[in-house]
Every structure is written in C-alpha cells, then in structure tokens.
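What follows is one structure encoded as structure tokens, with my remarks underneath.
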Amino acid sequence: MTLLRFSMRRVGRMVATIVILVPLTFMLFRAVPGDPSAAVVGPDLDPSIAALLRERYGVDQPIGVQFIRYVANLARGDLGISFHYKQSVGDILLNKLFNTAVLAVPAIVLALVLGSALGAVAAATSRRGVTDAVLRNGAFVGRATPIFWTATLALLLFSYRLNWVPSIGMTTPGKGVVNAGLGMFASPDFWWHLALPLLVMTLYFMPEPLLTMRTSMADVLREDFIALGRAQGLSPARIIYRHAARNALLPVVTLMPALTGTIIGGQVIVETIFSWPGMGRAIVDAVNNFDYPMMQGVFLLTAVMAVVVNGVIDVLYAYLDPRVRLA
Amino acid sequence: MTGPYPLTKHRIWQGKIIAGGRQVGRDLWSTPSGRAAIAIIGVFILTALLAPVIAPHGPLARVRAADGGLARLLPPGPAHPFGTTNFGRDIFDQVAWGTRRTLSVAGVAALATALIGLNVGLIAGYLGGKVDSVLMRIADTAYAVPFLPLAIVLVGILGRSDVVLVLAIAVLFWRTTARVVRAQVLSLKERSFVKAAVVSGASRRRVLYVHIAPNVASLAILYGMLLVAEAVLAEAGLSFLGMAPTNAVSWGTIMFDAFTSQEMHRAWWWPLFPGLAIMLFVFAVSLLGRAHESLQRRHLEVQS
Amino acid sequence: MTPILDVRGLRVVFPSRTGPVRPIRDLSFSIAPGEVLGLIGESGSGKTTAAKAILRLLPPVAQVSGQVTFEGADLATVPDRMLRRLRWERLALVPQAAMNSLDPVQPVDQQIAEVVRAHRGMSRKEAVALAREALDRMGIRADRSGGYPHQYSGGMRQRALIAMATVLQPALLIADEPTTGLDVVVQDRIMALLADAKRELGLSMLLVTHDLGVAGEICDRVIVLKDGEDIESGPVGTVFRAPRHPYTRGLLNDEPVHRGPRARDGEQTPTAVCLDRVHVRYTTGRGLAALRRPRHIAAVDDVSMLVREGEILGLAGESGCGKSSVVSALVGLADIAAGTVQVGDIKLGGDRKPDWRALRSRVQLVFQDPYQSLNPRLTVHREVAEPLLAQLRLTGDEVHRRVIAALEAAELKPAERYASRRPHELSGGERQRVAIARALVLQPRVLLADEPVSMLDRTTGGEIVSLLRRLADDLGVAVILVSHDLSVLRQICDRIAVMYLGRVIETGPAHEILSYPRHPYTRALIDAVPTSDPTVRRARVLLPGEPPSALDRPDGCAFHDRCLVARQTRCHQDVPPLSIERHAVACWYPLDKPAAGESMSDK
C-alpha cells in the first residue's frame, strides 16, 4: 500500500521531468541556425520548392502552432519523418531500439552482477590483501580507460590480428539470418558478432558497481549491528549473507541513475565502432546527415528512457529500504 | 559594511579560496597516491605548456623519410617514438599538441562547470524552500539527460566548435558539484556555529561568505579537479565520434583519424598512444580523489 | 562461590601514529553468579573498551593481554567455534542506545528470530514466536514487534535490544551504557526492565555507565575507572557514601551552587524578558507535498513566562516537549506564530516586523554541542569578535578589549593565551566557555542556554553550570537554562518551568517544584531520576505508554493517557489552565503538598 503510494508519487515526478524535457527539446531544435528545410537539399534551393518543403514539415506556421502540433504528434507516438530515410522516425527507431537492447541489457546485467560480487569480495579481503589491491586498482584503471580505446584495441587484437570474431555488424550479410526479431537468437552467427561488443561494454560498466559495492560493503561491515551480530555468535557467512549484503547493495542501486548516462554514452561509441545498427549509431549518422527529425527522435527517446529507468530504480530502492518506503 | 578590521567580504572569500586551495594541495601531497597523482598531472601540464618546444613543427607537419618519401605508418622507433600516421605525421608530436588542446578545453569546461555547480549548490542549499526545489528539479532533469546524445545533438545544431564542446560539458556536468555543495551547505546550516552567527546578528551575506563558503571551498576545489578528468573523457569521446572542429588535434581526434583511416589494422600504435595518455591522465586525477578519501578517513579516525 | 567471570590483568594497547594508546592498563575484577558489577567513569576512561575486550570484539589491531575466564573457559584462547556458541547462549550484550545496533532493513522480530535460529535448531515460526515473547516481556506488543527499527522510538529500540539479549536467557549480560541518550522517564523504565530481567532469569550483569545514579540503583559493587585504571572499587554503598578518591568525590558532587550576595527579592528587580501567550508552529511534509497541504505542528502552544534580571529560569521536560522551540523563538530561529515576546523595550510577534538586529544585542544563545558550535576555521579571538564585527562599528582596540573581557568573564584565563587558539586545540569544556564568551561579548541582558552541559562530562558540566550562576549574580544577566537533567536545574535555578507537549504544566520556585511537585507528570519526572545514594529507596512511578508526540496530541489534558490520577471526561475533554499562583500548576487534580519530611527529594 505504502509502496504503491510511493510509486504513484514517483510517477508524478517522472511526468514532471518529462514535461520539462519536451519543450526543452523542441526549443533546442528551433535553435537551428537558418531554415531547417535548407538542410535537406542545401542552400541553393529553388524558393518555390523550399516553400513547399517548409509547408510539408510545418515550419511555415507560427512557433506556438508548431509546438502544439509537435506535442499532439508526440502524444500519438509520431516522431516525424526522417529527412534522410524519408520514413517515419518512430518506425525506424523501434527497430534500432531492439538492436540496442539486445546488446545493452545483457551488458548491464553482467556488469552489475559481476561488479557487485567482485566488490563484495574486495571488501571482505580488504585488509591490505592482494585480491583487494588487484580488484580495486583494476577498477580504477578501468574507470579511467575510455571505451573507444578498449573497443578499438579489442577490435585490432581479436578481430584483425587473431581473427577470432567478426569485426562489424550484428550478423554476416547473406548468411540468411533475419537482421532483426527473435529469430536472430537461434543463430550462432549472431552470438559471434555479439561477443566482442558485449565484452567491451561489460568491462566498461563494471568498475562503478565494483567500487561502490566495495566501499558500501566495507562501511556496512563497520556498522554496530554487524559487530552485534558477531557478539551474538553468528557465523561470518551468516552475517554477510543475512545482514551485510542487503544493506550494502542499497548504494549500488542508487548508483544506477548516475550510471545511465555512462551506459548510453558507451552504447553510442560501441555501436559506432562495431557498426551495430542501434540507436547510438543512428544519432551519430543523423548528425552527419543533418537529419534533424531523426536527431530529435533519438534524443527525446533516450532522455525519456533514462527518466523512466531512474523512476523504476527509485521504486526498487524503496522496495529494498523500508526507511524510504515507510518514512 | 567595513569594520575596523579590513575584512571585506570579497577579500575574505578570495583569501579563503586561495588558502583552501593551498590547504588541499598540501594535504594531498602528504599521501603517496596524492604525490604520484600530482607528479603525473604535472608532467602533462608541462607537456601542454612546452608543446611548441617539444614538437616545433606542429601536429600537422608531414615527416619525410630518408629516401625523401613520406614517412607513412612507421612503427615506433628512435626517430618517431610513437610511430607515424598514414599521412606521415609524427604521433608523438600529435599527442604533445593534443595534450595542450585537450587540457585547455577540459580545463575551461571544468572551471565553467565548477562555477555553475558551486553557485547553484550554495544558493539552493542556503536559501532552501522553493528556490531549492526548483533548482534541484532542474538538476534532476540534467541527470536525466544523457551526455553524449545531448552533446552530439548540440554539435548537429550549432556546428563543430570548441565553444559547443565546453557548452555541452558545462550544461550538464554542474549537477554533481551542485548536489555535493548543496548537501554540504545543508549540513553546515544545521551546525550550531552557523546558527550562532545568525543569532549574533550577522547578515545573510555575512553568514554565507564568512561562515559557510570557506567551509565549502576545499570541497568545491576537489570536485573542480575531478571534473577536469570527466571533461577530458567527454571531450575525447566527442572528438572520437568526429564532433571536434576540423584540423583540431586532441587525443580524441588522433583516435578518430586512426579509426576512420581504414589503415588502423596495419598500425596498432596509432590508436594506442593517445588512448594511453587519456587513461594515464584520468587515472592520475582519480588518484587525487582517492587521496582525498583516505585523508577524510584519517580525519575521522583522529576525531573518534 | 566460583565467579562467573574473572578478569585478571587486562591490558589493551592500540598502536597509532603518535605512539601506542593504552585505554586499559591492568584491570582485574570478578563477578559472582547473580551479582551486578558497575564499571563507571567519564568518557575516555576506557570502560567501553574493557567491555569489548572481554567479549573479544575489539578490532584486530588492538593488542589485548591478560586473562578473561568465563564459566571456567579462557575467553582469550577458546577456538572461534566454541566462542560463537558461548556468545549469546551464555554471554550477551546490550549495546549503547544507538540507531545502528539494529539492522535497518529487517523487521525487529525477524532479527531476534535470526539469532535464535543461529543457536537453536528451530523452525522460523517457533523462533519468531520466541522473539515476540521476549519483546512482549519488554513491553513491545505483537502489533509493533514486526516493525522496522526506524519506526521505533529510542526507548523502544533499547528495549528491543534488551529483548534480543535476553531471548536465549544467558548467564551474563554486559550492558554498555544502556540508558545513555534516553529521557529520564524512559531511562527509568529501561532500568526497571533490566532489574526485572536480572531477577527473573537469575542473570549476572556487568553494567558500563557514566551515570552514577544508574549505577547506584542496580549495582551491587562498582569499579571507578579513570584513564584505564581502577582507582576505587568496592560495594556500592561504601564507595558512594564514603568515597576515598577525590575523583570519585568530584563525580558524586551535585550540591546546589552557593548563591551570591545579591538580593533575590523578585518583586523589585526589573523584568528582562517576558513571553505572552507565545505559539510556535512547524510545518511538516517535504517537497511538493508540503506545498499542497502543509501540516502544522504546535511545538509551543500558548506559553507565557517572565524572567527577571539576575534570575535563572530552568526549563524542564522530555525531548520533544517544546523547550528548545521556546529558545529558538526567542532568538528568531523559529517564527512566533502568535503571541508576543518583550525584551526591554523591544517587542516581537504581533503584526510588526521584528527588529532582529537590536534584539540580538540583548538576547544571546549558548548551544548544546560545543563541538559544532564553533567555526572550525576561526581562532578563538575572531570567533568571539564575530558578533561585534557583524553588528557594531568599533575600533580594533575596542574590539580587542571587549573580546578579552568576554573571555575573562567566561573564566578562560589567561585570555590572551586562549585568543590565538583554534577550536580543535580546545577541550569540550573550553569550547563551551568560548561559546559563552561569544554570547557575552555583546553584553546581552538575556542569556539562553540550550542543554549546555549535556555533551560534557559531569565534572566539566558542573563547572559550566556554576559559571552561569556567577554570571547571573555578578552581571545581572537573566538566564533561561534548558535541560532534561533535573539535577543540573536543581544546582543553579531560581525558578523552574516544566513543559509537556508544548505547554507549561507547572512553574514556581525551584526548590518547591523539586520538593513538592503538584503535577503528576512533574512528580513522575522527579521520581524517575535515579539516586546515587544506594540506601535511599525511591518509589518508582513508571509511566505507562510511549512518550508523546506533538503529531497527535491527546484531547483534553495532553498527559491524561499516561496519568495515574486522570479521571474520566474532565481530564479527557477539557484542557486544564495554568493556575495563577507563585507555584502554578495546570492540572484538574493536582497533588497535595505532602507533610514535611515525607518528600523523596528532600534527603
């Protein structure tokens, strides 16, 4: 009941953030120097055709009307027509979103699970032990390493030099695999393509949960109730499992919102390097193609996704921590 | 309000920042990781300053081999410690000049970001109430916006320029500093020495400048330094995606050139060295953060 | 009779950067079955370290030597598995009242059941039932036993910890400051529960405390610790009534401070501060929820009082009764919602915007925590000069002269030497004196002191309290002293006002209030104070129910649901007014003044 009320409040805040975000996005794209239609074919356009284009994209209307129309279209899930592909941005992005998720979701899950586990190990062995030193310094180096560097070097080594895995794309063209949809998962070819980007992304996301878990676990182990647990004759395993783990995981959960930016940024770069046909590459391509509706669509969709993910994480946090839920 | 003591607010504030900076520096130098970090960062800053001396021909000069042809894709050797590119450019020279550019863009971005964050944090924390709610809601929104897509879109709209790079960084990254400063101000506000100042008749500005800001200054300086590392990574990421101004040479653009050259598979050294520079610099800054943490822990131990 | 616990030559050494720290140097004692031994001393005396060393709970860096024999086993050398069995089955701990001693993400009964299951092969259901039974013994009923720690009050958490410690019926209980930080009424209940547990379960107990009253009431024998050494020990009666060591005598001293020569005939001296029907409200709810429907909580509800120059008024009551809010309102840290405050010719409240500047040179405040009340970056001189710099235009010489004068008034001598120091170079007592000097430098007419000694050791606190008395006598400052500790108020106050849920329920001359309380609540408050004289058996009046919250104030007399004399309808429906007498009381059925000699406090 209280969790439900908390969730409702959180949804309210999410909506508020999105309400700020939508006009901001709209204004951002109104800031394009000159006429957006000029971008489609270039500045030396026949004035009458330019006027036709302006009418088609609705930019001849007053700004207020444009905004209302924009919001109305958004409400119907219509993100406009891509300048470059001459197709509905929404349709294109739906496909790309799937491709992105196929890579990002396993990477995030792996990074969180492995990262927290290794962080807990580091904390448990943290009396200046070798394991802790290796894990901690490894994480610090990992956090300092730009993902485009690891990705490039991994590509050079595993793909170009050793020739273990393919270098680009999600599938090998002409191998008869559908380039989208669930059928893909049955193809070993797809998994071969997935291996390297997945490895790079997992390694890239892992340091933060690892370091957070290490610190929070070490903090929790210093708490009075852990000392009391020892005084109660509980075994170390029982103390860690029953009391320490759940408390220590809380900061890892709060880390997630700050991590979404990193994840999205990493995704953009990895997709570019491995030619992965997802949202990240779409936005870089859109900039290179001056495809404003596409840029706008990807940007808004990413931002909204980030807001929703953060909201879900807050609710998850409230579920895990009674102090928030029953405050 | 000038009393008998020459303590105008401005001078107190300025003095405290300098004193705070010196204090932070001295403290950090006292730890081994702090010393290592300061040494590494010092080498980078020297390289940036001395780039015209180290690499007098500039980053775009083409090197000729002994036979008079362009020295294309030479592996690292005595003449070219980091090797050369497919256009016969010396990668060591490029990295040296890249240091100059990367650090100046990142430094300006970090300074702008830290100033925004510090002021937002001070104002939100000290005034509280509706001002605080509004500012923090804006910070929430800034948290929700992922950096790279926004920066790419800004470049797409405003074109490729240094100003856009700085703007993209500053417009989002202030959020962390603002939150940290605000939290610190909130906790200071509840301390009784601040209440005592209010009770003894100090004006709001006097409370903020004499009692709160100096106690926040060292924290803000530390976050400013950490921001430089974030800005370096951000600038490099954007440059790698080809969002930097043409002909600019930074660590990220060298890697962009390598990646787009189609010849990278024959020149492993090309992307290696600029990436190594980024890693080393960011790692050194994170060592500063660690040194700060261990100092705080030492501080706590002394207190308890 | 073989002792249950025997400690021989216990030493603890912590290596540190500045050389080894020795919190315990050569401590020996033993506890017989069924005996309660008190380990008493001020903070830093090593008493908690001793308890932890016995339980082998010190961090691995600590070097512990000496022999600790518990039920025939040497605790220092028993293997871990054996030690784990001994812990809690035979040897349990009640830690200091702290939020952090319970796991914040698990319901309390589950946590206790967890301990039971770790030691006894039981189903979860049986273990929970046993846990609930233990909680019930401590007065936490089934409807609250499944709650989370943050939903408990401090007293409930402490009771839950005792339930946890006694659930397996151990042979020895080590209680480490079990009542510190709790209000006196709550403390009294905890002590009663500990005494009951000891009697019913036949426990031996090692009680670690700084409070001699607590020790005097439950201990059979005591050891006085100072700097890790046993300076005096013996049966509690002997030690407390005829202390041999001057340190122990200092601890036991709480005689009223001698009054100055000043005439104290109240009617002639002018009024320093006057509160007339003051209300203070707080708004709850955060963020957007607060904008929508703010909830007002009356922290101070219709309070009137008057303090004359040179007079000390004590404000007493449990935490949350509004005594600190009165102080906040007087210095403008809280808004006055209704009513007026008059200080000299300045009037606050009502419609006019108050002239805070002028007020703040007349009313000054000394805070509770001396470790937080000084700006860590300022020297003592600059700290004390701050109010002058902020308010007045004075020459540097004049500032210096007044700072030195204020430091000397606060008895920091030689003042010149203290002036250049920074807070971290000062002890707690010295810091509090600096805070007093800072308050005095503007030469105020009214000095407010909000729990000024609650963070200090008893001896230091006594000195600060006497200083306040001298300031009132010599400078004619009016002092309002807020304290939950009646013995502090007894020492220096001329008059006392007792507050309950935002209202004054009894006020009058200090000795009359303390000797012949007329409100049942005041009576309970006074009776709950433990006495360090073990021959005095006080009648314990345990208040039922939980401490009140201003969030849901009972109708009628706010105290009726805990009152032992409250009667139907009248007490439940009508708010009793404060009577207009020198010794005034707000109660429909006030207690009679007892015949002389009958009073508990008149020993």
Side-chain angles (χ1 to χ4, degrees), chain A residues 2-3 5-6 8-17 19 125-129 216 218-253 314 316-327, chain C residues 51-52 54-61 80-108 110-119 146-151 157 161 164-165 167-168 170 174 176 285-289 292:
Chain A
T2 27
L3 186 63
R5 251 181 55 201
F6 180 89
M8 299 295 284
R9 273 220 311 270
R10 197 58 192 78
V11 168
R13 252 177 72 185
M14 265 154 64
V15 171
T17 312
V19 164
T125 60
S126 79
R127 276 185 206 121
R128 308 210 170 269
S216 70
D219 285 348
V220 169
L221 289 178
R222 271 197 295 273
E223 291 274 3
D224 293 343
F225 62 85
I226 298 295
L228 191 62
R230 287 206 293 137
Q232 287 163 347
L234 305 186
S235 64
R238 206 170 177 121
I239 292 175
I240 299 240
Y241 177 70
R242 301 287 309 184
H243 293 295
R246 193 164 156 199
N247 280 287
L249 272 172
L250 291 175
V252 179
V253 176
D314 273 9
L316 176 70
Y317 188 87
Y319 170 72
L320 289 173
D321 190 345
R323 282 165 297 186
V324 174
R325 176 167 26 117
L326 306 171
Chain C
K52 283 191 174 163
I54 291 163
L55 285 162
R56 247 167 83 181
L57 282 177
L58 289 173
V61 289
D80 276 1
R81 279 194 48 194
M82 180 68 182
L83 182 69
R84 278 214 291 275
R85 270 231 298 283
L86 280 178
R87 282 172 171 174
W88 233 254
E89 280 279 8
R90 307 295 305 155
L91 179 63
L93 169 74
V94 178
Q96 187 165 348
M99 182 73 196
N100 296 343
S101 289
L102 292 164
D103 184 346
V105 303
Q106 281 190 47
V108 172
Q110 298 290 335
Q111 290 184 46
I112 299 179
E114 176 68 28
V115 186
V116 174
R117 271 161 60 86
H119 285 278
Y148 289 92
H150 74 277
Q151 297 170 312
R157 280 200 289 273
L161 285 169
M164 197 180 232
V167 66
L168 295 179
I174 297 185
D176 183 6
R286 281 172 303 170
L288 296 172
R292 208 167 46 244

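Computed from heavy atoms alone, side chains included, the values below leave out hydrogens, waters and symmetry copies. Every chain is numbered from 1 and lettered A, B, ... according to where its sequence line falls, protein lines coming before strand lines.
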Chain A contact via C:R117 - side chain, backbone, both or neither, heavy atoms under 4.5 Å:
both
Identify the heavy atoms of C:V105 and A:L250 that sit nearest to each other, and give their distance.
CG1-CD1, 4.1 Å
Nearest heavy atoms of A:P322 and C:P104, plus distance in Å
CG-O, 3.4 Å
How many angstroms lie between atom CG of C:D103 and atom CZ of A:R242, to the nearest 0.5 angstrom?
9.5 Å
Of all residues at least two apart in sequence or in a different chain, which pass the side-chain hydrogen bond (donor to acceptor under 3.5 Å, both in side chains) check with C:Q110?
C:R124
Name each donor-acceptor pair under 3.5 Å that joins a side chain in residues 226-237 of chain A to protein atoms two or more places apart or in another chain, with its distance.
unit_1	atom_1	unit_2	atom_2	d
A:S235	OG	A:R238	N	3.4

Interface moiety of C:L55 toward chain A, non-hydrogen atoms closer than 4.5 Å:
neither
To the nearest 0.5 Å, how far apart are NE2 in A:H243 and CG in C:L102?
9.5 Å
Considering all heavy atoms, the nearest A:F225-C:S101 contact
CB-O, 3.4 Å
Which one wins on heavy-atom pair count under 4.5 Å against chain A: C:M164, C:H119, C:E114, C:R85?
C:E114
